[in-house]
Every structure is written in structure tokens, then in C-alpha cells.
Number of protein chains: 2
Amino acid sequence: MSKSEQKRQEIIETAEQRFRDYGYNKTTMAEIADDLKMSAANLYRFFKSKQDIAAACAERCMGERVDCLSRLVDEKHMTAGEKLLELVLEDVRYTHERAKNEPKVNELIDIVTRERKEIVLSKVESQCALIAEILKQGNESGEFDVDDVMISARTIYSSLTLFEVPIFLPLFTQQQFEEMAKNLVALLIKGLRKR
Amino acid sequence: MSKSEQKRQEIIETAEQRFRDYGYNKTTMAEIADDLKMSAANLYRFFKSKQDIAAACAERCMGERVDCLSRLVDEKHMTAGEKLLELVLEDVRYTHERAKNEPKVNELIDIVTRERKEIVLSKVESQCALIAEILKQGNESGEFDVDDVMISARTIYSSLTLFEVPIFLPLFTQQQFEEMAKNLVALLIKGLRKR
DNA sequence: TTTGTGAATATTCAACAAAATATTCATTAT
DNA sequence: ATAATGAATATTTTGTTGAATATTCACAAA
């Protein structure tokens with residue numbers, strides 16, 4: 001890793017910690033710079049703007065998230081149906097836990113969804129790709145009978161909106177969300193299944 | 001209809017027109033009163049607050065909407081599957097048309113969803129009831145094989161979030177939304193079907 | 001040339017006053 | 001008693017101004 005790339009990573013980590021603790025709006029470029037013993041001006045040699053730093057943080061988080069879910073998809077001893085259910089439940093839980101334990105992070109999500117739609121889109125793509133992989137495995141094992149794997153993956157993902165978007169959190173308890181998610185996945189799987 | 005009930009309706013209609021044309025925030029109690037040749041103070045003999053007027057408008061709209069969809073559910077010459085598809089597509093189209101032709105109405109929706117959750121909940125209930133009725137018909141005709149009609153209806157409704165909520169409108173074109181809706185309904189129906 | 005800075009400038013935020021508007025109420029009209 | 005109002009009060013919005021912060025830049029150090 002180049003020296004400058006190294007420093008970029010340090011900035012991302014430092015900023016992310018502040019964003020977590022105090023929120024995006026309440027952390028200043030000067031504070032991030034101070035943490036790193038540099039001037040605020042110098043941050044601009046690595047990032048074009050504060051929003052760009054936020055975007056980089058978001059991308060890093062999403063990367064970790066996808067890695068985690070990838071491991072689930074690569075599990076050897078689960079059926080495709082079980083994997084799909086776990087993927088969705090894991091998602092529901094993650095959304096809730098984060099809202100509960102890291103409430104300030106929502107500020108970051110707001111900024112990124114508003115100002116950097118590409119990043120959200122790429123997150124959607126990754127998630128669909130994971131679902132598609134599960135469907136493919138299901139086809140291969142004879143468990144599913146899915147014609148177009150990518151279209152079905154996108155369709156399934158579109159049906160998960162209620163569980164993905166933080167604004168709906170106040171509507172139900174986590175338990176209710178999990179219950180709804182289970183019912184939905186059960187219904188979807190019936191529709192995917194080979195007969 | 002009592003005299004005072006009559007007047008309530010007039011107020012609702014007048015206010016709704018202003019809300020449509022200028023938005024909730026930009027219409028004042030004084031203006032509504034002027035339209036009706038009365039004083040603002042007098043409005044309070046019929047409604048406890050401006051929000052209450054907005055709520056009444058919303059309920060009236062929702063009532064019309066449910067009536068319209070009810071007719072679809074009562075159609076004689078459509079299969080349950082066709083009805084479900086039409087219900088969802090009609091919903092997608094309605095959401096888009098309204099956003100396009102009556103953009104100010106979203107302000108009203110915001111207020112009501114934020115300050116009068118019961119109203120939104122009752123809308124959800126009505127919509128689920130319509131879906132449940134379609135499922136029941138499908139069971140009776142042998143087209144579907146649904147165990148718990150109400151739970152399935154709620155599950156289906158939960159999967160329609162992307163198509164119900166205006167915030168997602170900027171993400172895709174109406175055509176894309178309709179395409180996604182068709183795919184989703186097709187998948188759901190496969191899951192509901194008797195085999 | 002690359003890394004960095006302090007100071008200058010541009011933008012955004014926050015606090016507060018003024019104006020607009022919602023809501024209440026004492027009183028009048030019917 | 002019921003319907004209605006104008007004026008009084010309470011709340012919300014708007015506009016403004018100073019302070020905080022983001023961003024740029026000319027220049028210095030390595």
C-alpha cells in the first residue's frame with residue numbers, strides 16, 4: 001500500500017470514529033485533523049471534501065458488511081432456503097442493532113443517501129448479487145427452479161424494502177419485523193421452489 | 001346530514017382544494033375561512049385544529065381510494081391472480097400520477113404520517129383487508145392454497161413497501177416500477193398457488 | 001517535487017428579533 | 001341556546017446577523 005494510500009485509510013478510520021461518537025454534523029474537519037496531528041488544509045490533499053470522507057467511510061462499512069454476508073452465502077451445510085432466510089434476518093437484525101447502538105450513524109447514512117446515490121446503488125447491487133448467488137446454488141442443488149437468477153434476485157430485494165430502510169423502524173418492534181421477514185421469506189421460497 | 005355536518009364537509013372540500021393548489025403549509029386558516037365567507041375563529045367550532053382538517057382530508061381521500069379498489073376486488077370476470085396484479089399496478093400508477101400531478105399533496109401526506117399515525121395504520125388495515133379478500137376468493141376458486149389469509153395478506157403488503165412510499169419515487173422511472181411490481185406479483189402468486 | 005501550513009475566503013449554522021399565523025376567548029348577533 | 005366574530009394570546013415561520021466551519025490558496029519546509 002502506497003504511503004499516501006496508507007494515510008487515506010488513517011483519515012477514514014479517524015473520521016469514522018468521530019462520526020460514530022458525535023455524528024457527521026458535529027465533527028469538524030479541524031477535529032479530524034487534530035486527531036491526526038495535521039492541519040485541516042492538509043486533509044484536502046487526500047479528500048476533495050468532508051462529504052467525500054463520509055462516502056469513503058460508508059463504502060468501507062458496506063464492504064465489511066458484504067464480506068460478512070458472503071461468508072454466509074459460502075456456508076457448506078445450509079440449504080439455499082436457509083441461507084436466504086438467514087440473509088434477510090441478519091439484515092433485519094443489523095439494521096436494528098445499528099440504530100440502537102450507533103444512533104449517530106444514521107446521520108452518515110442520510111448524507112450518503114442524499115448526496116451520493118451511486119454508493120447506495122452499488123450497495124443494492126452487491127446485495128442483489130449475494131441473493132443471486134443463493135438462487136444459483138438453489139438451482140444447482142435442485143431446491144429451486146429459477147429462470148432468470150438476476151431478475152429474481154432484484155425482485156426479492158425489492159420486496160425487502162421495509163426491512164432495509166431505517167425510517168420504518170419506529171413502526172414495529174424488532175420482533176415484529178423478524179416475524180414479518182420470516183413470513184415473507186417463506187412465501188418467496190414457495191414461489192421459487194421446484195415442483 | 002345535519003346542518004353542522006354539512007358545514008364540516010364544505011370546510012374539508014375547501015381546505016383540500018387549497019392544500020392541493022398551494023400545499024398544507026402555505027394555506028392559512030384565514031384563507032380557508034375567507035373562501036367560506038366566515039371568520040377563522042369560526043372554523044374552530046368545527047375542527048379542533050388545522051391538523052384535524054388535514055386529517056379529515058386525508059381520510060376522505062383514502063376512503064375514495066378504498067372504494068375504487070373495492071370495485072376491482074368485486075370484479076366478476078377476473079381471476080384472483082389477475083386482481084392481485086391489478087391492485088398492485090393500480091397502486092404504483094396512483095402513487096406516480098399523484099406525485100406528478102399533485103406534488104403539493106405530499107406535504108399533506110408528510111403531516112399525516114408524522115402526526116396522525118392512526119390514520120396511516122387504518123389505511124394499511126384497509127389495504128390488507130382488500131388483499132385478504134382477494135386471497136379468500138383465490139382459495140374458494142381453487143386457484144390459491146393459502147393457510148392464514150390475514151397473515152398472508154399482511155406479508156404481501158409488507159413486500160409492497162417500495163411501491164407505496166413516495167420517497168422512493170426518484171430512484172426509478174414509473175415503467176421500471178411497474179416492471180418490478182409485475183415480477184414481484186408473479187413470484188408471490190407462484191408461492192400462493194395450489195399445487 | 002512532495003508534504004505541509006497559516007491565513008484568507010466561502011459557506012453553513014445558530015441565536016435572536018420581527019412578522020405571520022394558529023388558537024383562544026370575551027363579547028355580540030340571531 | 002347556538003352561531004359567529006374581532007381582538008388577545010400563543011406558536012411557528014422568516015429574516016438577519018455574528019460565529020463556526022469548510023474550503024481554497026499562496027507560500028514554506030523537507
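Labels below follow one simple rule: chain letters A, B, ... track the order of the sequence lines, proteins then strands, and each chain is numbered from 1.
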Asker: dT21(D) C1' sits how many Å from I53(A) CD1, rounded?
Answerer: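 After rounding, the gap between these two atoms is 13 Å.
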
Asker: Ignoring the backbone of A41(A), work out which of dC25(D), dT23(D), dG4(C) is nearest its side chain.
Answerer: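 It is dC25(D).
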
Asker: Can you figure out which of dT23(C), dT23(D), dT5(C) approaches the side chain of M38(A) most closely?
Answerer: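 Looking only at side-chain atoms, M38(A) lies closest to dT5(C).
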
Asker: Counting the atoms with a prime plus P, OP1 and OP2 as sugar-phosphate, which does K3(A) contact under 4.0 Å by heavy atoms, base, sugar-phosphate, or nothing?
Answerer: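 Since no nucleic acid heavy atom lies under 4.0 Å of K3(A), the category is nothing.
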
Asker: What do you reckon, is CD of E140(A) surrounded by more than 12 foreign heavy atoms closer than 6.0 Å?
Answerer: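 Yes, CD of E140(A) has more than 12 neighbouring heavy atoms, counting only those of other groups under 6.0 Å.
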
Asker: Can you check the L36(A) CG to dG4(C) C1' distance for me, whole Å?
Answerer: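 Nearest whole value for this atom pair: 14 Å.
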
Asker: Under 30°, 30 to 60°, or over 60°: which ring-plane class applies to F168(A) and F168(B), parallel, tilted or perpendicular?
Answerer: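 Aromatic pair F168(A)/F168(B) classed tilted.
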
Asker: OP1, OP2 of dT2(C) versus side-chain N and O of R45(A): anything below 4.0 Å?
Answerer: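 Checking dT2(C) against R45(A), no side-chain N or O comes under 4.0 Å of OP1 or OP2.
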
Asker: Determine the contact category for T27(B): base if any of its heavy atoms lies under 4.0 Å from a base atom, sugar-phosphate if only primed atoms, P, OP1 or OP2 are that close, otherwise nothing.
Answerer: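 Sugar-phosphate contact only - T27(B) comes under 4.0 Å of backbone atoms but never of a base.
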
Asker: What is the distance from CZ of R18(B) to C1' of dT21(C), rounded to the nearest Å?
Answerer: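 Rounding to the nearest Å, CZ of R18(B) and C1' of dT21(C) are 14 Å apart.
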
Asker: Could you check which of dA22(D), dT23(C), dG4(C) has an atom nearest any side-chain atom of K7(A)?
Answerer: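 Of the candidates, dG4(C) comes closest.
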
Asker: So which nucleotide from dA22(D), dT24(C), dT5(C) ends up closest to the side chain of Y44(B)?
Answerer: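 Looking only at heavy atoms from C-beta outward on Y44(B), the closest nucleotide is dT24(C).
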
Asker: Of the options dT23(D), dA4(D), dA22(D), whose atoms approach the side-chain atoms of T28(A) most closely?
Answerer: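 Comparing dT23(D), dA4(D), dA22(D) against the side chain of T28(A), the answer is dA22(D).
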
Asker: Give the rounded distance in Å between these two atoms: NZ of K26(B) and P of dA20(C).
Answerer: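 Value for this atom pair: 14 Å.
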
Asker: Aromatic rings F19(A) and Y24(A): how do their planes relate, parallel, tilted or perpendicular, breaks at 30° and 60°?
Answerer: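 Aromatic pair F19(A)/Y24(A) classed tilted.
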
Asker: Pick the nucleotide of DNA chain C nearest each of N25(A) and F46(A); which residue has the one closer to the 5' end?
Answerer: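 This one resolves to F46(A).
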
Asker: Atom CZ of R114(B) to atom P of dT12(D): distance rounded to whole Å?
Answerer: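 To the nearest whole Å, that distance equals 13 Å.
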
Asker: Tell me: CG of L43(A) to P of dT21(D), nearest whole Å?
Answerer: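 Taking atom P of dT21(D) as the reference, CG of L43(A) is at 15 Å.
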
Asker: Between Y22(B) (OH) and dT13(D) (P), how many Å, whole number?
Answerer: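 In whole Å, dT13(D) P and Y22(B) OH are 21 Å from each other.
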
Asker: Going by an N to O cut-off under 4.0 Å, is there a salt bridge joining K123(A) and E118(A)?
Answerer: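 So K123(A) does not pair with E118(A) through a salt bridge.
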
Asker: Do the side chains of D91(B) and R65(B) get close enough for a salt bridge, i.e. N-O under 4.0 angstrom?
Answerer: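 Result for this pair is yes, salt bridge flagged.
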
Asker: Reading DNA chain C from 5' onward, which residue's closest nucleotide shows up sooner: K37(A) or K50(B)?
Answerer: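 Result: K37(A).
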
Asker: CD of Q51(A) versus C1' of dT11(C): gap in Å, rounded?
Answerer: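 Result: 13 Å.
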
